[in-house]
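Notes to accompany the following structure.
All values reported here derive from a predicted model rather than from experimental measurement. Hydrogens, waters and symmetry mates are skipped; everything else that's a heavy atom, side chains included, is used.
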Amino acid sequence: MERLTSLGLIISLFLFFPIATSLPASGRPRTYIIHMDKSAMPGAFLSHHDWYMSTLSSLSSPDGFSPLHLYTYNHVMDGFSAVLSQAHLDQLHELPGHLATYPETIGHLHTTRAPTFLGLKKHSGLWPAGGFGEDMIIGVLDSGIWPESESFNDEGLPPVPKRWRGMQQEKQNISKTNDYDSPRDFLGHGSHTSSIAAGSSAVGAEYFGYAKGKAIGMAPKARIAMYKVLFFDESYDAAATDVLAGMDQAIEDGVDVMSLSLGFIETPFDENPIAVGAFAALKKGIFVSCSAGNNGPHAYTILNGAPWITTVGAGTIDREFAAHVTLGDGELTVTGKSVYPENLFVSDVPIYFGHGNRSKELCNSLDPKEVAGKYVFCDFDSSGQTNAYAQIYEMDTAGAAGAIFSSSEGPFFRPTDFFKPFVLVNPKYGDLVKHYIINSKNATVSIRFQTTLLGTKPAPQVAYFSSRGPDRKSPWILKPDILAPGVDILAAWVPNRGFAPIDDDDYLLTDYALESGTSMSCPHAAGIATLLKAAHRDWSSAAIRSAMMTTADVIDNANGRIIDMTTGVAGTPLDFGAGHINPNKAMDPGLVYDIEIQDYINYLCGLNYTSKQIRTITGMRQFNCDSATLDLNYPSFIILLNNTNTTSATFQRELTNVAEGSSVYRAVVRAPSGMKAVVQPATITFAGKYSKAKFQLTVEIDVGVGSIPESDYFGNYGFLSWYEVNGKHQDLHHQHGQIGNPAAFSSHHGWYTSSLSSLSSPDGFSPLHLYTYNHVMDGFSAVLSQAHLDQLHELPGHLATYPETFGHLHTTHTPTFLGLRKHSGLWPASGFGDDMIIGVLDTGIWPESESFNDEGFPPVPERWRGACEIGTEFNSSYCNKKLIGARSFSKGMQQEKQNISKTNDYDSPRDFIGHGSHTSSTAAGSSVVGAEYFGYAKGKAIGMAPKARIAMYKVLFFDESYDAAATDVLAGMDQAIEDGVDSLGFIETPFDENPIAVGAFAALKKGIFVSCSAGNNGPHAYTILNGAPWITTAGAGTIDREFAAHVTLGDGELTVTGKSVYPENLLVSDVPIFFGHGNRTKELCEIYSLDPEEVAGKYIFCDFDSSGQNNALTVQNYEMDRSGAVGAIFSSDEARFFRPTDFFKPFVLVNPKDGDLVKDYIINSKNATVSIRFLTTLLGTKPAPQVADFSSRGPDRISPWILKPDILAPGVDILAAWAPNRGFVPIGDYDYLLTDYAIVSGTSMSCPHAAGIATLLKATHRDWSSAAIRSAMMTTADVTDNANGRIIDMITGVTGTPLDFGAGHINPNKAIDPGLVYDIEIQDYINYLCGLNYTSKQIRTITGMRHFKCDSATLDLNYPSFIILLNNTKTTSITFARELTNVAEGSSVYRAVVRTPSGMKAVVQPETITFARKYSKAKFQLTVDIDVRVGSLPKSDSFGNYGFLSWYEVNGKHEVRSPIVSAFAP
């Protein structure tokens, strides 16, 4: 099954909330969270709720839409949420006490390949940050547009921006055979480029069965203005006068971005209409993107090289089109390239190969009598004298039905080349096909066309046609600037004429076409520039280009340097510019190389242009050439070689900081042999946002150095990178804090609502209040328009505005595995969690589950202030002494998604999906005897803290997927704090940008323990979530339990055990078993290899594919199902990755060693049979725990100075309560079984284990802080498994590191008595935030504290682990300062023991520390030196290299252990 990604307040709310970095454009009213300064509330109000409501009611609504209040927040923050229009926002920003506004956002990923390949996502990154381009206008100069295309559907778009001054040309569609005398597109080119840049979402777009999906432009909410300048007269051309007129009109009309997929022969800039028009656009702040030209792969072919134009080359994407070719009865299956547009059924057609006659083998001369009605196979001509196009011609003229061509030219074939049903296979596969035909008496072929392959590697590659640099007219500027998708791009087309040739004379119509060219890459860049411009309204065109260039990728998806598809070797910047565009990185570049108008004039002067020429280009009458130069402040460097052996050039540059706050950057230069580069200064400092710093780069090239021939210095290259010291680039657009509260309000709620009501609403949409926050932060949430936001930003007290974000779900033998016992250890010491309250934010709860039975429970704790809410299929009687509270929060969600689903959810605290019931019962479920999952995992299901009380706060609701609005989560957290819970949990993004991270800090200040899941994005490094040091982050591990089936062959000749979780008590006795011995495709059960007549009613055995190339298990499962086999035995090494719901058929996975035994039995048996006993649970399996494959790994990208995860806990195949309201477990083809208890995996499951154990520790040690509880769990964790080896990584089978498992696997009974703890005070966290260079406003945002100081700023927090971030030198040294607190009774003495690997040295001072009594403290220092030259480890292995510091009690029992690990900063 798909792993669930969780949410839960005891910590189990595991939501990821990407934060948009700009506010949405004007349009319909939206939900907003309004953060208010409670101290500014006028004294006339008795409560802040009254203040907020008064504020809302005071807002004028010129657009006719009144503000709608949703929630008032009392604890999470001071504020409220409401539905507001732009007019309301404008007024709110002017009101006293307004601090911040956060717009509501929600969405799902789009499926068009180019956006996916570029990493554009609806919930995070540039798409939401740029508002999907809403309110932006893209002017496209091209061949016209086909307005009826679905890509230009305006459904859901707000009114046209008021600044728009353009018009629709009213001309008749007068056909001139090959064009229209109007803006209508005849060719299709303009429609294609326009829809790439800003096409609306078009579901079901495809090209004759290929590239099926949702077509969507780069800026799908941007507006399009078409300026038709290309017309047909023998060919499609554009007159310079028309292009200039089109660009002139576009500037007049008010476009924001221009996209020109056309070019003129390179002439001086003053003679080039695009260069002249682009300069005029530049002066108006219009970004201009142009295609680089299709004259590659030769050098000096670039077009549109003016430095004020962004010049875009073309690259491939990770998608290819193919056909599957099967020879004979499955003897051989290969995949080759084909884009034949007909859904043709080719089955067992004779295939011809002219064996023995080389001319016929190469298809140079085919006899029609021999090939008519057959497929032909044409061999590869390694001499290069016969190409595939000549072979296609011969196939066609000879009357063959189709062909298989062995060719290396597949990448160069375009979709419209496939007018006949042929397939191009690479020469390696061609040799296999040839061998089959030669050795077959009656060779036949079957072909399945219309196949789309995704994730192909390597990608991107530089397209062969993409023009290369240098630019002939301006070689001092490196061109192209950037690479973008430009090969086989699906986009809108004109259905007015045949486009795709088929057979000899027919053409097929299409609404969407696959096209290639820099014409396709240009609008990709234009659309992305539109998003960046929407996200950063104050950025110049040069800044936008710089952001795209300095963050571009030079590595492909196979982790190699981008290659040139023509040569197959690594390209150079003359081919791909700065690299392949990466939209999400470009959103936050840190620094930019900005360029002013005068800088371009200085460059033109440096080119020795005359005054007249400069005036022609710039349109400026007054300018000077006092600073003429060829060294423009460009984000790239090119050295033009002379005829001597050495060349030296010095470049002057200025960088501008576009990130919030101060920062320090260091230069790192990577230069090849023969090139030397020196940067002065090597370190630059920025005092704040928009501050600038200059540097000088001197490059010396000596062609006599090294072994490189002189000719190879053309395109020889390196990189200059500026790395931020101790930082990570962050778009910190959203800041808030507390200023002052008007005395007229008695509560901040009254102030907030009054502020809302004071906002004017010129667009007719009134503000709508949602929540007021009281504890986690001072503020509120509301639905607001852009006009409202503009007003809010001007109000006294406003600090920051956060757009709404959405989170998604991250899933009992475990008490026994963890050593929890009824009569000793943590359970009895803590009273099993009695009197503790766990709040869970999740999908709701199934109250009838036995896991929430309250039999034997004492009365509800008197401090409890919560309630049980009435809703759909839920009433207050469902709560009891176990489930003491249940509420739901959906106002924010309903503002975005309207109504809660009536078929896939309940509008109440009741759980529909089962996830919330599972996490709740894992943390604190009552004891349930006889729990099981269809006969597996039979036993007693019990939570970690079985006598703790549960309060459910439902914040996840279904609408296409299970999502949670930030406004609702904040309201749930706020209510949980008010109600009196002891534990709380959630997910975070950069600390000051995420309102929920702020809420977590507030919970910490209330003494509430906060634990979160590490995320399910493993096994890669830097994927950890929830890295804030005040959160305990739990990774997932396996337990010592597996599910199996016993397989008996024949009459007991062989018995083996394999993995199976088939949910039916099926009797399999002496059933025939088939193995395709002698036919390797049948042995492996490859696709379409099995004959249903041979396997129907039988079990099949599928051999292990040691090559790993055939995605074996997926294919074998499909083939078992397709062929009608009743079940299967699969020989596989992937069993550990199969989840219980994968076993929808009665199959068993055996390891390859046992598989060989099974295979040997079948081969040597005349009538092989199999018997299987399912429903087997194995306990005590080894080794356990192992780090789960999906568990996210460290270091944390945002806060790498703190080792994360903190701890490992059970998270694989966990049995817990479920919702028995719907089929959950698939069985057969269409049926689903209900269950009361489910087996689920995820860090969502490990987190409630850790949270439940923390609850027990809190119940045992009421005076311990949250940091002390975390320290106790970490310093007593196990780093060895039950086989006495180090904990291993299940994905690799080798020892893991603390970057995988943190301090180790949680051990509850050891954690009860750790001896010493590393405690952390609130001020310590503030010191850490100061060390992160957070501003006072940011720290105020996070902590909610008005008075603090940064006198002791540090990145060295008193944490129970140590991480050393390596630099680019051979050695690294760091000293940590720590303080230990004795939590054991009496005095004690401890001695330090350090165990370090080769290359790591650690010294502790002092080595012995003494504690006089309980709660006394002692300080020490740990100095760690790392030398990557020592030992046999390669430098790369220093990542994750680790040791331990242990403090041993002298003459005592305690060991206090902390990991020491090295890693490279992200």
Side-chain angles (χ1 to χ4, degrees), residues 660-664 683 685-688 724-728 730 732 735 737-738 988 990-992 997-998 1000-1007 1010 1027-1032 1195-1196 1198-1204 1206 1264-1268 1270-1271 1274 1316-1365 1372-1382 1403-1406 1409 1411 1415-1424 1445 1458 1460 1465:
E660 296 290 343
S662 61
S663 56
V664 178
T683 301
T685 302
F686 298 91
E724 187 177 10
V725 177
N726 296 329
K728 174 189 179 294
Q730 300 179 29
L732 308 179
Q735 308 147 15
Q738 302 165 349
E988 50 87 37
F991 307 148
D992 67 304
V998 178
F1001 203 98
L1004 172 77
K1005 292 192 296 180
K1006 296 284 187 179
V1010 179
W1030 51 88
I1031 293 172
T1032 297
D1196 178 56
I1198 298 169
S1199 177
W1201 298 272
I1202 302 296
L1203 173 62
K1204 292 285 179 171
D1206 294 310
W1264 280 13
S1265 68
S1266 295
R1270 176 177 57 233
S1271 175
M1274 291 175 66
L1316 309 176
V1317 297
Y1318 295 80
D1319 210 354
I1320 305 176
E1321 303 291 336
I1322 296 295
Q1323 183 60 46
D1324 297 326
Y1325 290 118
I1326 293 174
N1327 293 342
Y1328 181 75
L1329 294 171
C1330 296
L1332 289 173
N1333 290 325
Y1334 276 33
T1335 65
S1336 295
K1337 185 180 284 188
Q1338 289 173 301
I1339 296 173
R1340 208 169 150 189
T1341 296
I1342 296 164
T1343 65
M1345 298 171 63
R1346 299 177 184 176
H1347 304 293
F1348 56 85
K1349 58 184 180 179
C1350 276
D1351 297 344
S1352 302
T1354 181
L1355 292 174
D1356 187 20
L1357 193 60
N1358 195 45
Y1359 219 73
S1361 56
F1362 304 87
I1363 183 168
I1364 300 92
L1365 298 180
T1372 301
S1373 180
I1374 188 168
T1375 297
F1376 302 92
R1378 292 289 189 271
E1379 182 179 68
L1380 284 163
T1381 302
N1382 181 28
V1403 177
V1404 181
Q1405 289 292 337
I1409 52 178
F1411 300 91
Y1415 301 132
S1416 60
K1417 301 176 184 292
K1419 295 182 178 180
F1420 70 92
Q1421 283 190 340
L1422 171 68
T1423 299
V1424 182
L1445 162 64
S1458 296
I1460 309 168

Does Q1338 form a side-chain contact (heavy atoms from CB on, under 4.5 Å) with L1329? I'd like the steps, not just the answer.
CA-CA 9 Å; Q1338 289 173 301; L1329 294 171; over 6 Å; no
Taking all non-hydrogen atoms of both residues, which atom of A1377 and which atom of N1358 are closest, and how far apart?
O-OD1, 4.4 Å
Measure the shortest side-chain to side-chain distance between I1460 and L1422 over non-hydrogen atoms and say whether it is less than 4.5 angstrom.
yes
Roughly how far, to the nearest 0.5 Å, is the NZ atom of K1204 from the CD1 atom of I1198?
11.5 Å
Pair Y1325-I1342, side-chain contact (heavy atoms from CB on, under 4.5 Å): steps then yes or no:
CA-CA 10 Å; Y1325 290 118; I1342 296 164; over 6 Å; no
CD1 on I1409 to CD on E1379, rounded to 0.5 Å
10.0 Å
Gap between atom CD1 of I1031 and atom OG of S1199 - 0.5 Å precision:
10.5 Å
Can you name the nearest heavy-atom pair linking K1419 to P1406, along with the distance?
O-CD, 3.8 Å
Hey, is the main chain of L1357 close enough, under 3.5 Å, to the side chain of R1378 for a donor-acceptor pair?
yes
Under 4.5 Å between any side-chain heavy atoms of I1202 and I1363, yes or no?
no
M1345 CE to Q1323 CD distance, which is reported to the nearest 0.5 Å:
6.5 Å
Should the heavy atoms of other residues, nucleotides or ligands under 6.0 Å from NZ of K1349 be counted, would the total exceed 12?
no
Spacing of T1381 atom OG1 and F1411 atom CZ [to the nearest 0.5 Å]:
7.5 Å
Backbone N/O of P1360 and side chain of R1270: donor-acceptor pair under 3.5 Å
no
Search all heavy atoms of I1320 against all heavy atoms of Y1359 and return the closest pair with its distance.
CD1-CD1, 3.9 Å
Tell me whether S1271 contacts the main-chain N or O of Y1318 through its side chain, where contact means a donor paired with an acceptor under 3.5 Å.
yes
Where do S1265 and D1319 come nearest, in terms of heavy atoms and distance?
OG-OD1, 2.5 Å
CD1 of I1326 to OG1 of T1354: how many Å apart, nearest 0.5 Å?
14.0 Å
Taking all heavy atoms of G1331 and all of A1353, pick out the closest pair and write down the distance.
N-CB, 3.8 Å
Just do the side-chain contact (heavy atoms from CB on, under 4.5 Å) check on Y1415 and N1382 with the steps written out, would you?
CA-CA 5 Å; Y1415 301 132; N1382 181 28; over 6 Å; no
Tell me the closest heavy-atom pair linking E724 and S663, and the distance in Å.
OE2-CB, 3.6 Å
List the residues meeting side-chain contact (heavy atoms from CB on, under 4.5 Å) with I1374, not counting sequence neighbours, and say none if there are none.
I1364, F1376, V1424
Does the side chain of S1266 reach to within under 4.5 Å of the side chain of W1030, using non-hydrogen atoms?
no
Intermediate values then yes/no, side-chain contact (heavy atoms from CB on, under 4.5 Å), T1343 and I1322
CA-CA 9 Å; T1343 65; I1322 296 295; 5.9 Å; no
